[in-house]
Amino acid sequence: MAQERPKEVRSEFLYFALRNRKLRVGLGILVFFLLFAIIGPFLTEYDPNTYAGPSAQPPSSEFWFGTTTFGQDVYSQFAHGLRSTFIVGLIGGGIGTLVGVVIGLLAGYRGGMVDEILNMLTNIVLIIPTLSVLIIIAAYLAVRGILTESVFIGLTAWPWAARAIRAQTFSLRTREFVDLARMSGRSSLRIVFTEIAPNMMSYLFLVFILQFGGAILNAATLDFIGLGPTRGMSLGLMMNNAVLWAALQLGMWWWLIPPGAAIAAIVGALYVMNVGLDEVFNPKLREM
Amino acid sequence: MSLQVENLTVYYRTLRGDVQALENATFTIADGEIMGLAGESGCGKTTLGHSLIYLKPPMRFIEGRVTLDNEELPIWDMERMNEFRFKKISIIPQYAMNAMNPTRKIGKMTAEILESRKVSYKATLPELKRRLDLVELSHDVLNMYPIELSGGMKQRMVMVLSTLLNPSLLIADEITSALDVSTQKAVAEMLVGFRDRGFVKSLMVITHDISILYQIADSIMIMYAGQLAEKASTQVIIHNPRHPYTKMLIGSLPKVGVKHSKQRLAGIPGKPPLLLNPPVGCRFRERCPVAFDKCFDVPPFIEIEPGHFVACWKEFESNA
Amino acid sequence: MRRYLGRKLLIYLLTFFVAVTIDWLIPRFMPGNPVDTMLARMALRADSAEVLRSYYIRAFKLDLPLWQQYLNFWAALFRGDLGISTWLFPQPVFQIIKRAVPYDLFLLLPAIILSWIAGNRVGAIAARVRWLDNTILPLGYILTASPYMWLAIVLAWALGNVAGIFPIAGAYGFGLRPHLSWLFIKDLLWHWFLPFSSLFLVMFGGWAIGMRNMIIYELESEYSRYLESLGTPQRLIRKYAFRNAMLPQITGLALQLGGIVAGALATEIVFAYPGIGYMILNAVQNQDYFLIQGCFLFIITGVLLANFIIDLVYIVVDPRTRLGMTGE
């Protein structure tokens with residue numbers, strides 16, 4: 001089905017994608033925050049960590065999001081934090097997807113012993129609570145950057161993706177077009193990447209979206225526990241600082257609420273997009 | 001007359017418009033008749049079978065009248081049909097292998113279904129066991145989960161279950177397609193046995209496999225692209241077909257079963273929209289070797305000999 | 001069934017083995033000597049640093065060959081010896097964790113169980129009531145997308161700080177000592193309510209969405225269609241669909257446990273609730289590595305145990321596992 005009339009399939013995809021409300025809303029929110037993350041930091045003269053003004057000020061024309069207990073500009077922290085959020089999502093989610101895809105494809109296509117071993121590995125990593133491993137690793141890293149954090153998050157987040165992709169591969173590898181490729185003597189590796197993977201593209205994209213959101217949430221929790229980047233700014237770190245420096249007791253909502261709200265909005269938008277895309281990809285789910 | 005269908009027209013709603021899957025079907029099935037319904041996949045035979053018992057969106061009722069034992073069936077109303085289902089009209093679905101709830105023991109599930117229809121399980125149990133014997137299933141299956149049964153066993157269990165309340169009409173939808181040849185034959189013969197014992201009055205056997213119909217059917221109705229092409233007794237359809245499409249179909253008989261057995265039959269929506277904008281007149285026109293200008297009108301489904309219905313202008317001419 | 005359980009047990013044992021190994025491995029193979037890293041961060045005076053250094057070298061037994069260190073690590077583990085905390089010197093890590101655990105259970109068990117039950121119920125209803133579907137679904141997505149600590153912060157700010165109804169820190173009032181009295185229990189519940197609610201709400205969103213989607217899938221399944229074509233009333237069809245949709249939700253619970261525990265850690269930090277999460281925060285801030293490692297082991301053991309319990313429950317509810325028909 002997939003290889004016939006690619007042009008029409010693509011235009012059909014666009015047609016349904018543009019008509020899908022969930023997809024439009026999700027994408028809209030995501031793009032808004034993405035633009036904010038790109039442009040936002042240029043709109044402020046203050047560095048996120050410098051003591052720029054009077055302490056604990058509510059939002060004003062000078063400090064749009066108010067200031068922290070130490071007089072740092074919350075807007076600047078927010079804008080920079082948003083950047084790290086997208087970086088973590090992109091890199092962490094990307095690595096998580098990539099590792100999941102490779103392991104899932106390999107296990108699903110090869111089957112047998114390879115599958116047994118990889119499946120065992122997947123199950124083990126699946127059960128170990130990701131965050132506790134990250135805590136252990138982060139605790140012993142003296143200097144941590146956002147990149148290191150993203151890499152570690154990606155390296156611990158892949159199991160469910162691998163599992164899902166393995167199942168998909170299982171169902172694909174018995175299809176006729178794969179048989180055909182096998183009979184024509186192509187190597188397994190080439191079949192996996194030229195015949196099976198392209199047929200799962202839409203599915204892989206959905207996996208990436210969920211990994212993206214998961215990486216953001218994981219990073220936020222890690223940062224919040226105080227194991228985030230030692231340099232730089234992130235939304236989780238903002239919340240960590242806010243709680244540690246009694247923003248709750250002092251009722252400094254402008255410091256407490258925005259970082260988590262942004263994360264919830266971005267991750268929520270990703271989830272809603274995921275559902276929307278699923279409807280676009282799977283004709284069965286389209287509402288009549 | 002057990003089943004009478006008049007002018008039944010059913011479409012499928014899709015985002016691109018209506019798929020005209022069944023157009024103006026008029027036919028009858030007599031008491032005790034086993035009618036085979038055959039045609040290529042996507043010809044509307046499944047739509048016809050399902051619309052009689054289970055007309056649910058995206059299927060859309062356009063017009064028509066269906067009477068069963070002189071009682072009109074409200075097939076357009078999912079709710080009101082409930083009263084008739086199971087008791088008057090029943091179905092053995094194509095997916096009989098997966099038709100039973102995987103997490104309930106079969107006996108318990110049967111009991112729950114019966115009780116929900118206000119039929120006592122206890123009172124039915126002896127009859128149920130008798131019928132299990134008939135299809136050569138041990139009574140132990142009632143204490144098993146569906147997953148413990150083989151495909152053929154599940155098929156037979158669903159057969160027993162669907163006919164447990166002695167419906168007037170049973171629709172058997174591609175029931176043999178998932179089975180191996182020897183089981184196919186056994187299942188088909190059991191269907192005949194059910195009719196002979198009066199468990200069901202009449203049967204509509206939907207299949208792409210005419211050889212099965214040759215074994216069990218009293219009559220065969222052929223469909224093409226949502227229109228009825230021909231209906232006659234099995235012997236006549238096989239040996240003396242009149243409609244050019246039937247002739248082609250019978251002529252290619254050995255291949256038919258093999259060639260199409262792997263294709264999905266229910267999947268009209270999402271398939272190449274053959275019936276989204278069907279050609280006017282006889283829909284077989286474009287492939288027909290004997291088509292002529294009259295074929296731009298829809299041919300009526302006319303009884304040219306007793307019990308032999310054909311929808312073909314050429315036949316009417318040569319007959320006249 | 002025995003095969004199914006045996007397989008699971010093997011995986012759990014292997015996982016435990018891997019986890020302990022990670023716990024042992026990471027301090028030793030991270031860049032730099034862990035002892036130096038620790039001491040550097042403590043910024044102590046030179047003489048006290050020297051005392052601590054020799055203590056740590058001895059404690060880590062870094063002077064022994066690696067394989068012996070590894071075996072010793074296991075031996076100590078089985079004696080319940082997880083080292084001595086530096087933050088609460090000289091209390092054993094095991095004691096600190098033991099003290100914190102009841103608070104975790106008190107918070108997590110009700111939150112997990114109640115959110116699971118409520119989420120499944122509401123999700124199942126949402127699958128057939130349109131207006132509920134249109135409200136629950138977006139709400140569910142917002143809740144499940146919220147970082148745990150953020151929802152905790154929002155609740156603490158709104159109900160604690162602004163409305164002033166609930167306390168926002170601790171497990172009980174500062175003026176009280178833990179003892180058995182109505183006054184204390186009432187105070188305990190009073191402090192428990194907000195952290196519990198924030199955990200409950202985030203999880204609730206996830207379960208409700210999951211159930212809603214699962215049940216729609218089940219209602220479209222072939223056994224549902226067969227029941228419909230036999231004229232079975234919707235009540236029975238929904239009952240079957242609900243029961244069968246529950247099974248993946250149970251598996252889902254096992255898969256979510258790690259994330260839930262992480263959420264609980266973060267929530268405890270917001271409310272300064274004295275469970276494991278709060279211990280970890282303090283351990284991180286005070287560079288108390290033994291405590292961090294101990295908490296890690298404890299969390300993993302807990303998650304493995306919970307997984308095993310869920311497996312047992314699953315065997316009871318899904319006949320297919322009993323019959324040895326599914327491998328997963």
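For clarity, every value in this text was computed on a predicted model and none was experimentally measured. Throughout, a chain's letter reflects where its sequence line sits, starting with A, and its residues are numbered from 1.
Side-chain atoms of A/Phe152 and A/Thr148, non-hydrogen and from C-beta on, do get closer than 4.5 Å to each other. Using a 4.5 Å heavy-atom threshold, the side chains of C/Ile310 and C/Leu257 count as touching. In this structure the side chain of C/Trp207 reaches within 4.5 angstrom of the side chain of C/Gln256, judged on heavy atoms.
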Donor-acceptor list for residues 148-169 of chain C side chains, cut-off 3.5 Å, not counting sequence neighbours:
unit_1, atom_1, unit_2, atom_2, d
C/Trp150, NE1, A/Ile257, O, 2.9
C/Asn161, ND2, A/Leu248, O, 2.4
C/Asn161, ND2, A/Gln249, O, 3.2

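Considering only heavy-atom pairs separated by less than 4.5 Å from chain C, the leading option among A/Asn240, A/Thr130, A/Leu227 is A/Leu227. The residue among C/Gly277, C/Ala262, C/Ala19, C/Pro147 with the most heavy atom pairs within less than 4.5 Å of chain A is C/Pro147. In terms of heavy-atom pairs under 4.5 Å with chain A, the best-connected choice from C/Ile260, C/Leu265, C/Val270, C/Asn307 is C/Val270. Per-residue counts of heavy-atom pairs under 4.5 Å with chain C were compared for A/Thr221, A/Leu270, A/Asn218, A/Leu222; the largest is that of A/Thr221. Residue with the most contacts toward chain A among C/Thr144, C/Leu137, C/Ile22, C/Ile142: C/Thr144 (heavy-atom pairs, distance under 4.5 Å). Most heavy-atom pairs under 4.5 Å with chain C: of the set A/Ile266, A/Ile216, A/Ile128, this distinction falls to A/Ile128. Counting heavy-atom pairs closer than 4.5 Å to chain C, the top residue among A/Val125, A/Ile263, A/Leu256, A/Leu131 is A/Leu256.
Pairing each heavy atom of C/Val202 with each of C/Ser146, the nearest pair is CG1-O, 3.9 Å. A/Tyr203 approaches A/Ala164 most closely through the heavy-atom pair OH-CB, 3.2 Å.
Contact of A/Leu250 with chain C is made through the backbone alone, with heavy-atom distances under 4.5 Å. Using a 4.5 Å cut-off between heavy atoms, A/Ala247 does not touch chain C at all. Heavy atoms closer than 4.5 Å to chain A are found in the side chain of C/Leu10, but not in its backbone. With a 4.5 Å cut-off on non-hydrogen atoms, A/Ile124 touches chain C through its backbone and its side chain both. Both the backbone and the side chain of A/Val133 come within less than 4.5 Å of a heavy atom in chain C. Residue contact with chain C, scored on non-hydrogen atoms closer than 4.5 Å, involves the side chain of A/Leu126 exclusively.
In this structure, the side chain of C/Glu268 engages the main chain of C/Ile276 through a donor-acceptor pair within 3.5 Å. The backbone N or O of A/Gly93 sits less than 3.5 Å from a side-chain atom of A/Thr97, completing a donor-acceptor pair. Of the possible donor and acceptor atoms, none in the side chain of C/Asp133 sits under 3.5 Å from a partner among the backbone N and O of C/Ala127.
Within a 6.0 Å sphere centred on OH of C/Tyr217, other residues, nucleotides and ligands contribute 12 heavy atoms or fewer.
Side chain to side chain, A/Arg163 and A/Asn123 meet the donor-acceptor criterion of an N or O pair below 3.5 Å.
In this structure, C/Tyr273 has its ring center no closer than 6.0 Å to that of C/Tyr278.
Identified by a heavy-atom distance below 4.5 Å to chain C, contributing residues of residues 25-34 of chain A are lacking entirely.
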